[in-house]
Each structure stands twice: as C-alpha cells, then as structure tokens.
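Notes follow the structure.
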2 protein chains.
Amino acid sequence: MARPRKPLLSRERIVETASALVDAEGLDAVSTRRLAAELGVSGPSLYNHFRNKDEILDAVADAVSARVDLSMFDEDDDRDWRTALHDWAVSYRAALSAHPNTVPVLARGPGRRPAGLKVADAVFGAMVRAGWPPAQATRIGALMRYFITGSALGSFARGFVDDATAYDPADYPHLGQAHLLADRQEQVDQGAFETGLEALLDGLALQYGTVRHGATLRSTPKRP
Amino acid sequence: MARPRKPLLSRERIVETASALVDAEGLDAVSTRRLAAELGVSGPSLYNHFRNKDEILDAVADAVSARVDLSMFDEDDDRDWRTALHDWAVSYRAALSAHPNTVPVLARGPGRRPAGLKVADAVFGAMVRAGWPPAQATRIGALMRYFITGSALGSFARGFVDDATAYDPADYPHLGQAHLLADRQEQVDQGAFETGLEALLDGLALQYGTVRHGATLRSTPKRP
DNA sequence: ACCTGAACACCGTTCAAGT
DNA sequence: ACCTGAACACCGTTCAAGT
C-alpha cells in the first residue's frame, strides 16, 4: 500500500475516533493498535500525526474543554461574578459528565491544551474585572477547578459497590444504606454538587465583601 | 526453587514495596514484573497474594486513606462540626500530598477499600450527630471529597508548563505570568485550598443556620 | 500453600522500506 | 509526506509443574 494519494488519516479523524472509543469503552480501551485498527490503518501510522499516545489523549480531553460555555465571562455579558461563576461551573460539569472517561486526563491540569488554557484565562480575567485582587482570582480559578473536576472524577456514589454484604455494620456503623447509593448515584452526585457549589459561592461572596468594600453595582453578587 | 519453607512474600511486603515504587516513580512504574523483581521473585508469584494488579494498587491507596486523622469525629471529641470538618480536610489533604501519585487511584472512590470506607462512615456519622439531616450529611461527605481529592489530583499550578513561550498573550490575554505558576506551585495550591475550604465551610454554616434553628451549643459552629 | 518458567495475547514506539 | 511490516522491549495473566 504505502503512501496513498489522499491521506487516510488526519488529526481530526484520529481524535474523533479516539473520543468515541474512550466514551464507549474507557481510557484503557485506547491502544495505538486498537485505535489504528478502528481507523483502518496500521498502528505506527498514528505517529505521522501525533508524537505519541499521550498527545492523542490530550487532544481528546481538550475537545471536551472546548465545549465548556465561557460566554458568561465576556466583557459585555451582564452577569455578576457570582452568577457567572455558577453558570460556568454548571456548564463545565455538564461537559465533563457527558464524557466521564476523559476526566482523569483533564484533571491533570491544562498543560498545553489550548481549550483548557482558554478556560483558565477567561475565569481569571473575569474575576479580576469584577474586582478580585489577582492573587485571589488565581485561587478562585484553581479552587473551582478542584471542586468541579473532583465531582466529575470521583463520582461519590459510583464509588460504592452495589452489594449489600460489602458494608458490614460492625465496621461501618453509619453506612447501612451505602450500597443503595450505587442506585441513586446520579441524584446524590447532582445534589452534592449543587450543595457544594452554593456553599462555595456563598463563602466567596462573604470574602468578597471583606476584601473589597467599594464594589461596583455590576460586580456585586445578589444572593438568591 | 519452587515453594520455600518460609513464604517469600506477604500482602504487607508487596504493598510496602509497591507504595515505595509509586512514590518514587509513579503509577506507571508499577508493572507486575517490575514489582516482582523489586521483591526478588518472579512475576506470577504476586497472584498468590492478590487477585490482580488493581487489587494491589487499591491496597496501596487504602494505606494512604488509613493515615487520615479521624479523631475529630469521635463522639467524645468536643470540636463543633465546622472545626471537625476543617481539621479533617487539612489532615486528608496532607495525607494525599505526601503521596500524590496514589491520588488517581483514591479518586475513583472508596469502593471496597476498608480505610476509605471508614473515612466516609466517620464523616457521615459525625454530621448526623451534629444535627444535619442524613441526606445533607451524605452530600457533605461527597462534596468535601470532591474538593479535597480534586485539589490533590489536579494540582492547578503543576498543570501549567514552566515555559514562557507556551502561553501566547494573543491567545490568553490574562495568562501572562502563567508559566511562573510552575514555580510557586506549592503556594498557589495551598492558598487555593485554604481559600476554598473556608468558603465551603462558611457556606455550609450559612445553610446549617437555615436548615436547623434549634442547634445545640456543641453543634453550633463559631466563625473565626 | 507458594513459587517457577513457559506461554498467550497483548502493549508503545522506532525504523527502514515503499510510493 | 504518509503509509507499511518487522522488530524491540515491554505488558497482565493463566497454568502446569515442582516442592
């Protein structure tokens, strides 16, 4: 066969196929050989388009970051910082939940992934514009990421096993119903995320008041 | 050689050696063959003590969970729920930071790991005792885990590359100093963790007030 | 019971060879 | 430039054989 007149592969096609494979069968299912087979080529062909497997997975993860809504951080958007942060967090979590298998890659940090960096940049810029001191703006970007990726990665409920005998009441007196968590995993995680997000924003609003007394109207968060 | 009169291996020795290997060279360095070589045996020997490699890594991760202080959740400890939650979070994060390479395993959830389950059990029990409704106590355990593991896993600062040319100001107008983050990573992550933890606890305290008016003195959080 | 070597079905990546 | 097969140095796990 050798070189075809029209390339068989492209970065886009590789990322698309890899994403589908990750979504369907998990990160471990992606081997260069398996992915190549899925694409109808031989394993080493991939190395004409990516330096190594990690770069492929980074691109897959970045495609998820690219789907996070950032419009709330636009300069001419009129949401206050609290609402913007809230809406962003919800959108971020939704993007991750849609592709849970990619979260371990995303959680490593933005690194050199362009979309991941764009997210970090947008949050930081908007917080500074809202009146947060730069050092605090950096912290807010970080701590929100902790919470959001943590919630997508370590799905609390899914972490328990759906097996009544796994949790001996003698060992874990308060986990009597833990095996039921596997059932309502979606709801528990959703509820914990919402509770945590509200608490986080309430707490930040409190700090905002003490850090900055002369906040403009636009920057002032309104509590619901 | 075959079977020696005194066993060459034990679960403890395997976990110890695996932990050291994970700490020193990361999760990827642990292959059954490499680990066995480190222990002076052949690869398949490990299967006499663990069902598979994942069980070994689970045990390594659980050893980290076992080092998390839970004394603040004892029935006769006199810390209020806010202080207890705070002290626990700090201790939890310290345990994870001491063994950052194990965090991806821990973040999967407690599963069947005894120490991980003991942690979940203790938090839940203490929150219920402090007057939180059970559903909220579950959520608190989950959201705290999100934040803590998220902060240990996705070290925000380490996620950036220490390379001034990596972040073009045209693409990321607010990330001018991002490459410096790699330098002060420890401080940034520490600061973000503390800021986030305070915000989270402040927010929860606010909720506690509305959820439960008749809180006892012992359960009432005092804001610093 | 607990270890061994051999074997199976895989890996990621490099590289010379082909067009 | 872009694909191939062959090759290298690995994997996790099973299993019969040894004591």
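Chain letters run A, B, ... following the sequence lines, proteins first, then strands; residues in each count from 1. Heavy-atom basis, side chains included; hydrogens, waters and symmetry copies ignored.
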Exercise for the section: Look at the side chain of A:L8 and decide which nucleotide, out of C:dG12, D:dT13, D:dC3, has an atom nearest to it. Expected result: D:dC3
Problem - Closest to side chain of A:S42, choosing from C:dC2, C:dT4, D:dG5 - result: D:dG5
Fill in the blank from the handout: B:I56 CD1 to D:dC11 C1', in whole Å, measures 14 Å
Practice task
Please check the phosphate of C:dC2 (OP1 and OP2 only) for any side-chain N or O of B:S45 closer than 4.0 Å.
Solution key: no
Exercise for the section: Calculate the interatomic distance between A:F50 atom CZ and D:dC2 atom P; express it in whole Å. Expected result: 13 Å
Problem - Phosphate-side-chain proximity, B:H49 and C:dC3, N/O vs OP1/OP2 below 4.0 Å - result: yes
Problem - Integer-rounded Å distance: C:dC11 C1' and A:L35 CG - result: 14 Å
Handout entry: Interatomic distance, B:N52 CG vs C:dC10 C1' [rounded to whole Å]
Key = 17 Å
Practice task
Counting heavy atoms from C-beta on, name the nucleotide in D:dC3, C:dT4, D:dT4 closest to the side chain of A:P7.
Solution key: D:dC3
Problem - Shortest non-hydrogen contact from B:R11 toward B:H49 - result: NH1-O, 2.9 Å
Practice task
Could you measure between the two C1' atoms, the one in C:dA9 and the one in D:dA9, and give it in whole Å?
Solution key: 16 Å
Practice task
Check the side chains of A:Y47 and A:N52 for a donor-acceptor pair under 3.5 angstrom, ignoring hydrogens and angles.
Solution key: no
Exercise for the section: Provide, to the nearest angstrom, the distance between the CG atom belonging to B:L46 and the C1' atom belonging to D:dT14. Expected result: 14 Å
Exercise for the section: Establish, yes or no, whether a centroid distance under 6.0 Å links the rings of A:F193 and A:F147. Expected result: yes
Exercise for the section: Report which part of the nucleic acid B:S31 touches: base, sugar-phosphate, or nothing (heavy-atom distance under 4.0 Å, all strands). Expected result: sugar-phosphate
Completion exercise
Whole-Å distance, A:R33 CZ to C:dC10 P, equals 10 Å
Fill in the blank from the handout: To the nearest angstrom, the CG-P distance between A:N48 and C:dT13 comes to 14 Å
Practice task
Give a yes or no on whether a salt bridge exists between B:K118 and A:D171, defined as a side-chain N under 4.0 angstrom from a carboxylate O.
Solution key: no
Handout entry: G-U wobble or Watson-Crick pairing nucleotide for D:dG5 (cut-off 3.5 Å, both distances)
Key = C:dC15
Exercise for the section: Can you tell me the distance, in whole Å, between the OH atom of A:Y47 and the C1' atom of D:dC8? Expected result: 13 Å
Problem - Pair A:R139, B:Q190: side-chain N/O donor-acceptor within cut-off below 3.5 Å - result: no
